[in-house]
Amino acid sequence: MAGVSSESLAAAQARLEPVLADADLSLAEDLFSILGLLDSNAGLRRAVTDPARDGKDRAALMSRLVAGKVSAAAESIAADLASARWRSARDIGDALETLAATVAVAVAERHGGSEGLGALEEELFAFTEVVGSSHDLQRALDDPQAGGSAKADLALKLVPLAGEPARLLIRQAVSAPRGLKPAALVNRFIELVAERQQRWIAHVSVTRPLTEDQINRLQAGLNNAYGRTLTLNVSVDPDLIGGIRVAIGDEVLDATMVARLNELRRKVAG
């Protein structure tokens, strides 16, 4: 996904973030069901992504199609996607898939924090490892004659101890791989887990090694500021000249001399 579609997805992900605090797996299931509706009807995909139609009209069309069939939250997310601009009709489906999977990942995070994310990643990875080690399993899960439900039943037997978020994502991957191998789609879901895990890691750059006391105080301050227990990854970078740089997910806190000099240069150039 690139260009305008990438921008639309990024905006949708930003709007989804506040919803994740209270979302449960039913929201992910609803979004996957809307995805199934779009994937089954090419004309519908074109209608809700037609650039010649006003965004509000596309959103209204989407709402009419799913109202009463999914939750209000899922309807709102789908309508929001329909109002956005997409480079191709398929891209809105890719976005729905990403948002649905993100909800499932966030549920695992909310229930177990970084450990919940780690467990989800391990469960998904275990599935790909089992499938990758057996050509018979690969053929069974790729068989176009087999129904999605039968494939899902087989897939879930491979990871009997997996939690509900992993089971939902695996079930989706084998029943609706959308042109991919099921294991390849599960690997995409693993990438989303890895991205989410970065929210629990503070990448700290300093000009000289920190003492144990400094690390402890930094750890306590960051934990308090972000409301969760972060893992510190501290590296020494003499090029920073002075100060400290902290990156947590997409957020960067830069109090280095280099950052101050660059800011000064921008002001002078401006």
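Keep in mind that this is a model prediction, so the values were computed, not measured. As a basis for the values below, the full set of heavy atoms in this structure was taken, side chains included, without hydrogen atoms, waters or symmetry mates.
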How about [X] and [Y]: do any of their side-chain heavy atoms sit closer than 4.5 Å?
{"X": "Leu117", "Y": "Val105", "answer": "yes"}
{"X": "Met62", "Y": "Val66", "answer": "yes"}
{"X": "Val159", "Y": "Val130", "answer": "no"}
{"X": "Phe127", "Y": "Val174", "answer": "yes"}
{"X": "Val236", "Y": "Thr207", "answer": "no"}

Pairs in or reaching into [range]: which pass side-chain hydrogen bond (donor to acceptor under 3.5 Å, both in side chains), with residues at least two apart or in two chains?
{"range": "residues 39-55", "answer": "Asp39-Arg178"}
{"range": "residues 15-33", "answer": "Arg15-Asp80, Glu17-Arg196, Asp24-Ser26, Asp30-Ser71"}
{"range": "residues 228-242", "answer": "His203-Asn233"}

Walk me through it: do Asp213 and Arg217 pass the test salt bridge (Lys or Arg N to Asp or Glu O under 4.0 Å)?
CA-CA 6 Å; Asp213 180 61; Arg217 284 189 279 117; 3.0 Å; yes
Quick one: [atom1] on [X] to [atom2] on [Y], what's the gap to the nearest 0.5 Å?
{"X": "Leu124", "Y": "Asn187", "atom1": "CG", "atom2": "CG", "result": "9.0 Å"}
{"X": "Glu75", "Y": "Ser63", "atom1": "CD", "atom2": "OG", "result": "4.0 Å"}
{"X": "Leu210", "Y": "Ile244", "atom1": "CG", "atom2": "CD1", "result": "6.0 Å"}
{"X": "Thr128", "Y": "Phe189", "atom1": "OG1", "atom2": "CZ", "result": "13.0 Å"}
{"X": "Ser175", "Y": "Asp153", "atom1": "OG", "atom2": "CG", "result": "10.5 Å"}
{"X": "His111", "Y": "Leu120", "atom1": "NE2", "atom2": "CG", "result": "12.5 Å"}

Side chains of Asp254 and Thr256, donor plus acceptor under 3.5 Å:
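Looking only at side-chain atoms, Thr256 and Asp254 do form a donor-acceptor pair, the distance falling under 3.5 Å.
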Pairs where residues 62-73 contributes a residue and the test salt bridge (Lys or Arg N to Asp or Glu O under 4.0 Å) is met, not counting sequence neighbours
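Applying salt bridge (Lys or Arg N to Asp or Glu O under 4.0 Å) to every pair that reaches into residues 62-73, excluding sequence neighbours, yields nothing.
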Minimum heavy-atom separation for [X] and [Y], please, with both atom names.
{"X": "Ala28", "Y": "Ala104", "value": "CB-N, 4.2 Å"}
{"X": "Val103", "Y": "Ala23", "value": "CG1-CB, 4.1 Å"}
{"X": "Ala176", "Y": "Leu185", "value": "O-CD2, 3.9 Å"}
{"X": "Pro160", "Y": "Lys157", "value": "CD-O, 3.4 Å"}
{"X": "Leu161", "Y": "Glu123", "value": "O-OE2, 4.2 Å"}
{"X": "Leu99", "Y": "Ala12", "value": "CD1-CB, 4.1 Å"}

Cluster question for you: counting only ILVMFWY and a side-chain heavy-atom cut-off of under 4.5 Å, with indirect links fine, are [X] and [Y] together?
{"X": "Leu9", "Y": "Leu180", "value": "yes"}
{"X": "Val107", "Y": "Leu156", "value": "yes"}
{"X": "Trp200", "Y": "Leu222", "value": "no"}
{"X": "Leu20", "Y": "Leu27", "value": "yes"}
{"X": "Val204", "Y": "Leu240", "value": "no"}

With sequence neighbours excluded, residues passing side chain to side chain donor-acceptor pair (under 3.5 Å) with [X]:
{"X": "Glu191", "answer": "none"}
{"X": "Arg208", "answer": "none"}
{"X": "Lys151", "answer": "none"}
{"X": "Glu251", "answer": "Tyr226"}

Would Arg90 and Asp94 pass as an ion pair if we require N to O under 4.0 Å?
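Salt bridge present between Arg90 and Asp94.
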Do NZ/NE/NH1/NH2 and the carboxylate oxygens of Asp143 and Arg139 come within less than 4.0 Å?
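Salt bridge flag = no for Arg139 with Asp143.
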Identify each donor-acceptor pair in which a side-chain atom of residues 163-173 lies under 3.5 Å from a protein atom, sequence neighbours left out, and give them as a table.
none

Backbone N/O of [Y] and side chain of [X]: donor-acceptor pair under 3.5 Å:
{"X": "Thr102", "Y": "Thr98", "value": "yes"}
{"X": "Glu109", "Y": "Gly116", "value": "no"}
{"X": "Gln138", "Y": "Val131", "value": "yes"}
{"X": "Arg58", "Y": "Ala82", "value": "yes"}
{"X": "Ser5", "Y": "Arg87", "value": "yes"}
{"X": "Trp86", "Y": "Leu81", "value": "yes"}

Determine whether more than 12 heavy atoms belonging to other residues, nucleotides or ligands lie under 6.0 Å from atom CD of Gln214.
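Enclosed.
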More than 12 heavy atoms of other groups within 6.0 Å of Arg199 CZ:
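Yes.
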Under the side chain to side chain contact (heavy atoms under 4.5 Å, CB included) rule, collect the residues that match up with Ser133, sequence neighbours excluded.
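So Ser133 forms no side chain to side chain contact (heavy atoms under 4.5 Å, CB included) with any residue.
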My understanding is that a hydrophobic cluster links ILVMFWY residues whose side chain heavy atoms are under 4.5 Å apart, including indirect links. Using that, what else belongs to the cluster containing Ile201?
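Via sub-4.5 Å side-chain contacts, Ile201 links to none.
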Who pairs with Arg188 by salt bridge (Lys or Arg N to Asp or Glu O under 4.0 Å), at least two apart in sequence or on another chain?
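With sequence neighbours excluded, Arg188 shows a salt bridge (Lys or Arg N to Asp or Glu O under 4.0 Å) to no residue whatsoever.
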